[in-house]
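One structure below.
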Protein chains: 4
Amino acid sequence: MVHVTPPDAGRRSERSRRAIFDAALSLVGEVGYDKLTIEGIAGRAGVGKQTIYRWWPSKAAVLLDAFTADAEAADHEQALPDTGDLAADLKFVLRATADEFNTPEFQAPYRALAVAAANDAKVAAEFTGRLLEPGIKVYVDRLRRAQQAGEIAAGVDVRIAADLILGPFTQRWLMRTGELTYAFVDTLVDLVLDGLRNPRP
Amino acid sequence: MVHVTPPDAGRRSERSRRAIFDAALSLVGEVGYDKLTIEGIAGRAGVGKQTIYRWWPSKAAVLLDAFTADAEAADHEQALPDTGDLAADLKFVLRATADEFNTPEFQAPYRALAVAAANDAKVAAEFTGRLLEPGIKVYVDRLRRAQQAGEIAAGVDVRIAADLILGPFTQRWLMRTGELTYAFVDTLVDLVLDGLRNPRP
Amino acid sequence: MVHVTPPDAGRRSERSRRAIFDAALSLVGEVGYDKLTIEGIAGRAGVGKQTIYRWWPSKAAVLLDAFTADAEAADHEQALPDTGDLAADLKFVLRATADEFNTPEFQAPYRALAVAAANDAKVAAEFTGRLLEPGIKVYVDRLRRAQQAGEIAAGVDVRIAADLILGPFTQRWLMRTGELTYAFVDTLVDLVLDGLRNPRP
Amino acid sequence: MVHVTPPDAGRRSERSRRAIFDAALSLVGEVGYDKLTIEGIAGRAGVGKQTIYRWWPSKAAVLLDAFTADAEAADHEQALPDTGDLAADLKFVLRATADEFNTPEFQAPYRALAVAAANDAKVAAEFTGRLLEPGIKVYVDRLRRAQQAGEIAAGVDVRIAADLILGPFTQRWLMRTGELTYAFVDTLVDLVLDGLRNPRP
DNA sequence: ACGTAAACGAGACGGTACGTCCGGTCTTATA
DNA sequence: TATAAGACCGGACGTACCGTCTCGTTTACGT
């Protein structure tokens, strides 16, 4: 059995950590994920390569931490509107999400992470656990409250319900099969809530 | 202006073409997409590297052709059942699709292509145009017929309707957030057809 | 047993070979042997690192070939004077040798090779076989003729006799314990020929 | 102007000093000089790297001190036999020297030091001053007495005379051009004392 | 049927990045 | 304040592939 002495996290340089995150995020935006290199990150961060390899196993892991650090700094706690109008609330959040996914600074690293996750099951587990699921949770929580209020049928699995909305949304974004417009997200919410069989109001 | 004489497709070696496809497909299954290399393909195929670079611009393009060649050989034309029972038909096809996506030989190259597409807009256009859309078309056609038969509300965009089903399905598979079981696809179809608000039967 | 396909020497780039030699020789003069790097040679030669690793196992081997190529271009065949006066002839050649060893362009790579040879038995074998021994041979040949002419005692091993002269010479140069002056080499020749016990003239 | 406070030698850890010497000597025997690393020495000695850098400027300096400390512990004062028979005495000492140079524990660090000295003039000065010259002095002293006794011609520079014997000896050892046998050293002494021109007795 | 031009296998080439090792400097906590 | 420990920036190691570029050698036409 191989035993590698883990590095002493207490002595870690916070300055380097931040510089690596900044470099990774800016570079992924400039050159894309697969032209992103550890050497490039180290160079722009003014850091030895070993300092990256000491703390992260791969560029995907660096990017994930970089993105997470930014995200945590940004939202601290998720705001979940509950006006009583489920459709309106979902559209509101989904429009905001669409805006975010249309922002280059957000899009580049997030797409890179999605690619890395699709590629590798290990990364996928980290990515879904730390970014995807917390993002989905906002929807799940709102849907659960709607279910308790009788707005949603009792037997429905709210987690799958959330996927019903976010699956098409994510797919469209990831494969670039269309724009993430307000019209699209509104249609999405209405269709999912009412079902295909119902006559349109 | 640079003018490069294009290669003479007439003189192309079919033997090499097949060998390259076989090598690419088997290798992507063994080592994954980003450890797949042109050199590796050439080596296994018993082919010069230049023969690959002459006919394809990237490993993604090779893989796409390889996969397409196989797919065309397999289904030539898609069978789309129409028993009159929309839900049953959708579940039938979706179960078959789930079976396919659970097959390693299919999964490995398809995932590789999805990854390549998510990464690069050019590849995405090819991938969606040649593989995704044709696959979706089966569902769209059936949904359109259902709409004509009045089973689906008139105003519904059947293309988006297809996404409603396939988006969650693809997302679950791509990010490995869950198994593609028959139960899942059945639930998916029912929820999409009936909507979240409808009372469960 | 490991079998690595050797590179095809027929396709070798003569241009690269020369550039590598020139770079190695100039760099060793500028930075010294242990700051000489493969990367540095490749960089100055305008050559990929792999082109060096493909043809040589180490920087010592590169340097040896570089030096040998130069040496062969220079002397082709060694001239060995034979005026009938052994002492005079030896002094003549040894003075020329001293001049050579006092030349920076010759000294730098030769010292580097001597260092590499002292360090590693494999290199030593190559170095002595290809450079040292041919250099010594000039002296051995002249000594042998002197022995046939009766100027040197019959039982003397002329190879060891050559070492008697060159050993002190080389040692002084290698360890920098003194200058290689004409006076020194003259004294050396006289002492070796006459022995310590003989009365000085 | 940079002023670095020199370390306080009084507080120096003797335990560490010894451990570093032991580690350096054993490691140089195991891996050779150029795979000898400061980190390796520190690791085996159970010592921080800084403790080495604080007291020595280079691995050559460490090795030199390590070797000198051992040598001083061993011979304290050099024994120089004087039986009245110069040739016999020289052969006796040279045979002992040959035995020493054939010992792995002596050979490895000594060769390492010779290599370092050949490479760098600074090291060479230290090496010759502290190890080479004291070793040669034994011969010089004996030769001087022989000269006073009339056994050696009056005009001979005994320092150069010593080189006449030790130069070929060292050269043969350093370049591994032959074994250091008793026969070799005996021949060497006889030839140097009697000269090449003399008829063999 | 034959000569020739293109595709082919092979692989050397100039490069870029990999992940590792070590140099020499620095910081932190013990003793 | 010297030490053990080890993080840090930097730079070279030797390897793997990239995409381009010759090399002969098939191979399939156009004469």
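What you see below is based on every heavy atom in this structure, not just the backbone, and it leaves out hydrogens, waters and symmetry mates. Quick caveat: nothing in here was measured; it's all calculated off a predicted structure. Naming convention: chains lettered A, B, ... in sequence-line order (proteins, then strands); numbering from 1 in each chain.
- Without hydrogens or angle criteria, C:R12 side chain to C:P7 main chain gives no donor-acceptor distance under 3.5 Å.
- With rounding to whole Å, D:I41 atom CD1 is found 13 Å from E:dG23 atom C1'.
- The distance from atom CZ of A:R44 to atom P of E:dA17 is 13 Å, rounded to the nearest whole Å.
- Aromatic ring centres of B:F67 and B:F127 lie farther apart than the 6.0 Å criterion allows.
- Between the side chain of A:K59 and the backbone N or O of A:L36, at least one donor-acceptor pair lies under 3.5 Å.
- For residues 7-56 of chain C, the ring-ring contact (aromatic ring centres under 6.0 Å, His included) pairs, not counting sequence neighbours, are C:F21-C:W56.
- Between the side chains of A:Q50 and A:R54, no donor-acceptor pair is found at a separation under 3.5 Å.
- Taking atom CH2 on D:W55 and atom C1' on E:dG24, their separation rounds to 18 Å, with Å as the unit.
- Residues B:R44 and B:S26 have side chains in contact (heavy-atom distance under 4.5 Å, counting atoms from C-beta outward).
- Following rounding to the nearest Å, D:I52 (CD1) and F:dA5 (P) show an atom-to-atom distance of 12 Å.
- Every salt bridge (charged side-chain N to carboxylate O under 4.0 Å, His left out) that B:D22 has, sequence neighbours left out, goes to B:R18.
- Taking atom CZ of C:R17 as the reference point, atom P of E:dG14 lies 14 Å away to the nearest angstrom.
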Discussion item. Using a 4.0 Å heavy-atom cut-off to protein, can you give one letter per nucleotide of nucleotides 9-17 of chain F, 5' to 3': B if the base is in contact, S if only the sugar-phosphate is, - if neither?
Written reply: BB-BBBBBB
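- Computed from coordinates, the A:D8 CG to F:dC8 C1' distance equals 13 Å when rounded to whole Å.
- Put simply, CD on C:E14 is 11 Å from P on E:dC13, counting in whole angstrom units.
- With a 3.5 Å limit on both pairing distances and Watson-Crick or G-U wobble geometry required, the stems of 3 or more pairs in DNA chain F span E:1-31 with F:1-31.
- Between the P atom of F:dC8 and the CZ atom of A:R18 lies a distance of 15 Å, rounded to the nearest Å.
- A donor-acceptor contact shorter than 3.5 Å is absent between the side chain of D:R111 and the backbone of C:N119.
- Listed for the A:R176 side chain is no donor-acceptor partner under 3.5 Å among the backbone atoms of B:K122.
- In this structure the side chain of B:L131 reaches within 4.5 angstrom of the side chain of B:L64, judged on heavy atoms.
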Worksheet item: How does protein reach along nucleotides 26-31 of chain F, written 5' to 3' as B (base within reach of a heavy atom under 4.0 Å), S (only sugar-phosphate), or - (no contact)?
Response: --B---
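- Residues that satisfy the salt bridge (charged side-chain N to carboxylate O under 4.0 Å, His left out) test with A:D65, not counting sequence neighbours, are A:R130.
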